[in-house]
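Below: the structure, in structure tokens.
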Amino acid sequence: MLQPTFLRDNRQETIDRLAKRGFDATEAVDIIISIDDSRKATQTELDGVLAESNRIAKDIGALFKEGKQTEANAAKVQAGELKERSNLLQEQLLSIETRLQDRLYQLPNMPHSTVPFGRTAEDNQTVRSGGQMPTLAKDALPHWDLAKKFNIIDFELGVKVTGAGFPVYRGQGARLQRALINWFLDEARDAGYTEYIPPFMVNEASGYGTGQLPDKEGQMYYMPADEFYMVPTAEVPLTNFFRDVILKAEELPVKLTAYTPCFRREAGSYGKDVKGLNRLHQFDKVEVVQVAHPDKSYGILEEMVTHVSGLLDKLGLPYRILRLCGGDMGFTSALTYDLEVWSAGQGRWLEVSSVSNFETFQANRLKLRFREGNEKPQLAHTLNGSALALPRIMAALLENYQVADGIRVPEVLHSYTGFHTITGA
RNA sequence: GGAGAGAUGGCCGAGUGGUCGAAGGCGCACGCCUGGAAAGUGUGUAAACCCCACAAGGGUUUCGAGGGUUCGAAUCCCUCUCUCUCCGCCA
């Protein structure tokens, strides 16, 4: 959520930056500023009435003590009138604040200056590529066929117990999955992140804190009996640790990591996008989150991208790094890098990580601040990234490392898997 | 799930209708003391919003959350949430 004071002081800049997302925010910004004007005017008036009421209430106390009943009762009448006025103003203020908040919730984050203009994924910039494209045999298979051939992932069984998009991992498939989770967490720890195991369900306030609510409730699984949402990413619980928190400047940056399963309803997806492991309702992911000083956050964003691409280097997967254009970026982000791996069996790129700087957009909703010395608290910057999302990594590993009689396992994982080749045994 | 007790500032803890944003202590910051430190001692120590120049100064709100009674609520009433103790159930 953007701040009205910022919009007021930087009206044109806000409009220009939001234009990168392909829409004209002029009207929305002006409406917000004018609602904010009436909010201030109403509060000023209300404060005056309340101040008067408080003064009279004190006088009444004093009058009673002095035994001046008549004067006291006269003052009571006056206080009653003020009360009526203040109630009215309070109602007005509340409705103005609600309107203001509704408007602010609808405004996406402002893209950073380096974000390219553009509407679709076509307009994303490739900033770097890494790894070697594999040369596969003529009869190379996509991962869903390999999964069946070696009996390591059972999609039908998942349909039986739950539904489509809930695969069952078996034998070496399950062990490879677990190995990847452990390796990712160890790599994150080596990079200075503290490991957490957060709740896999969150309350409504947490959904609002990171921006899934109010707009994207349809994407989350909801448990009405307890009013909980299944986490769509570890970002939600991890970042909400800091809701209503004031950190000391010297505590920054805070670096956290967690593995969680992620649950997404993915309403409206279809076709080749949901084939095999490409898009699931439940998947595993290791997430990294940082809370940063505003002056440092963009350096940290690069550091996070380097961490993630380093994982892909070590796995030997070919990848590319994209800087998302304004139109393709998430609602809450100021700058996002996507990392995609080459899925040799499908002949397409698969997104395996998204690393974003949210600047103060989430911090404003969360009231996540830090204090420098004795200065006033100011909003921190939040960042997060996948490091990494498992299913598409699994898909790429299966496809890119397939050989005649099995699937080779990258060397960095050997001590985690306990086997070097998937043979279906 | 049932019964009872509780929720106060960074922490502990007083406060049962007016002078309470809240005693006292701890912690923290700065000063004095000291060769330096400890001890001692003095001062200060929440957040948001509004007026104003984001200064000084002033105002409003906030004692788990929301509502109510009252001229006036940390204090009385109602609802909810959470914590603790006991019972039940249970990985």
Side-chain angles (χ1 to χ4, degrees), chain A residues 1-11 13-14 32-101 103-104 197 199-209 223-229 237 240-252 254 294 360 362-380:
Chain A
M1 188 163 63
L2 299 173
Q3 300 158 90
T5 25
F6 182 91
L7 302 188
R8 182 187 298 279
D9 297 341
N10 308 276
R11 180 180 171 277
E13 183 194 332
T14 304
I32 285 169
I33 292 172
S34 92
I35 296 174
D36 195 46
D37 283 339
S38 62
R39 184 193 116 255
K40 286 185 178 190
T42 308
Q43 174 151 7
T44 304
E45 196 182 344
L46 175 63
D47 283 355
V49 174
L50 288 175
E52 181 72 13
S53 291
N54 289 340
R55 208 172 314 124
I56 291 174
K58 270 181 193 170
D59 289 348
I60 291 173
L63 289 170
F64 272 126
K65 243 174 214 163
E66 294 164 28
K68 299 180 179 167
Q69 294 284 339
T70 327
E71 280 105 321
N73 286 328
K76 272 195 189 184
V77 174
Q78 203 189 341
E81 285 165 10
L82 286 172
K83 175 97 177 174
E84 245 173 78
R85 259 184 77 199
S86 72
N87 281 344
L88 197 75
L89 286 166
Q90 219 133 36
E91 257 170 59
Q92 271 177 33
L93 186 62
L94 197 69
S95 96
I96 289 168
E97 280 171 345
T98 308
R99 266 200 297 148
L100 183 62
Q101 185 140 75
R103 288 284 180 174
L104 285 168
I197 301 178
F200 298 162
M201 296 187 215
V202 295
N203 56 30
E204 192 178 40
S206 294
Y208 276 95
M223 326 293 284
D226 299 287
E227 300 184 301
F228 292 151
Y229 294 87
N240 273 285
F241 288 172
F242 298 97
R243 177 148 41 86
D244 297 317
V245 166
I246 301 177
L247 295 161
K248 294 190 187 111
E250 53 271 28
E251 294 178 287
L252 301 176
V254 183
T360 59
Q362 287 182 332
N364 186 37
R365 284 199 192 183
L366 291 162
K367 297 195 177 64
L368 162 54
R369 291 163 291 175
F370 71 97
R371 191 199 306 274
E372 225 144 3
N374 290 324
E375 287 174 28
K376 265 187 64 171
Q378 60 172 308
L379 294 172

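Values below: every heavy atom of this structure, side chains too, minus hydrogens, waters and symmetry copies. Everything numeric here is computed off the predicted structure, so don't read it as measured data. In what follows, chains carry the letters A, B, and so on, assigned in the order in which the sequence lines appear, proteins first and then strands, with residues in each chain numbered from 1.
- Atom CD in Glu97(A) sits roughly 10 Å away from atom P in C50(B) (whole-Å rounding).
- Closest-nucleotide positions on RNA chain B for Asp47(A) and Thr44(A) were compared, and the one nearer the 5' end corresponds to Thr44(A).
- When the side-chain nitrogen and oxygen atoms of Arg39(A) are compared with OP1 and OP2 of C49(B), none of them lie within a distance under 4.0 Å.
- Counting non-hydrogen atoms of neighbouring residues, nucleotides and ligands closer than 6.0 angstrom, the CD atom of Glu227(A) reaches no more than 12 such neighbours.
- To the nearest angstrom, P of G58(B) lies 18 Å from CD of Gln43(A).
- Contacts between residues 69-96 of chain A and RNA chain B, defined by a heavy-atom separation below 4.0 Å, involve Lys76(A), Ala79(A), Lys83(A), listed by number.
- Of the N and O atoms on the side chains of Ser206(A) and Asn203(A), at least one donor lies less than 3.5 Å from an acceptor on the other residue.
- Taking a 4.0 Å limit (strictly below) on heavy-atom distances, residues 51-59 of chain A reaches RNA chain B at Ala51(A), Asn54(A), Ala57(A).
- Nucleotide A74(B) forms no Watson-Crick or G-U wobble pair with any nucleotide shown, as no partner meets the under 3.5 Å limit on both distances.
- Heavy atoms of other residues, nucleotides or ligands lying less than 6.0 angstrom from CZ of Arg11(A) number more than 12.
- Rounded to whole Å, the distance from CZ on Arg371(A) to P on A29(B) is 14 Å.
- Rounded to an integer number of Å, the gap from CG of Leu379(A) to P of A47(B) is 14 Å.
- Rounded to an integer number of Å, the gap from CD of Glu204(A) to C1' of U81(B) is 14 Å.
- Crowding of Glu84(A) atom CD: a count of heavy atoms from other residues, nucleotides or ligands under 6.0 Å not exceeding 12.
- Counting to the nearest Å, the C1' atom of U45(B) and the CD1 atom of Ile246(A) are 14 Å from each other.
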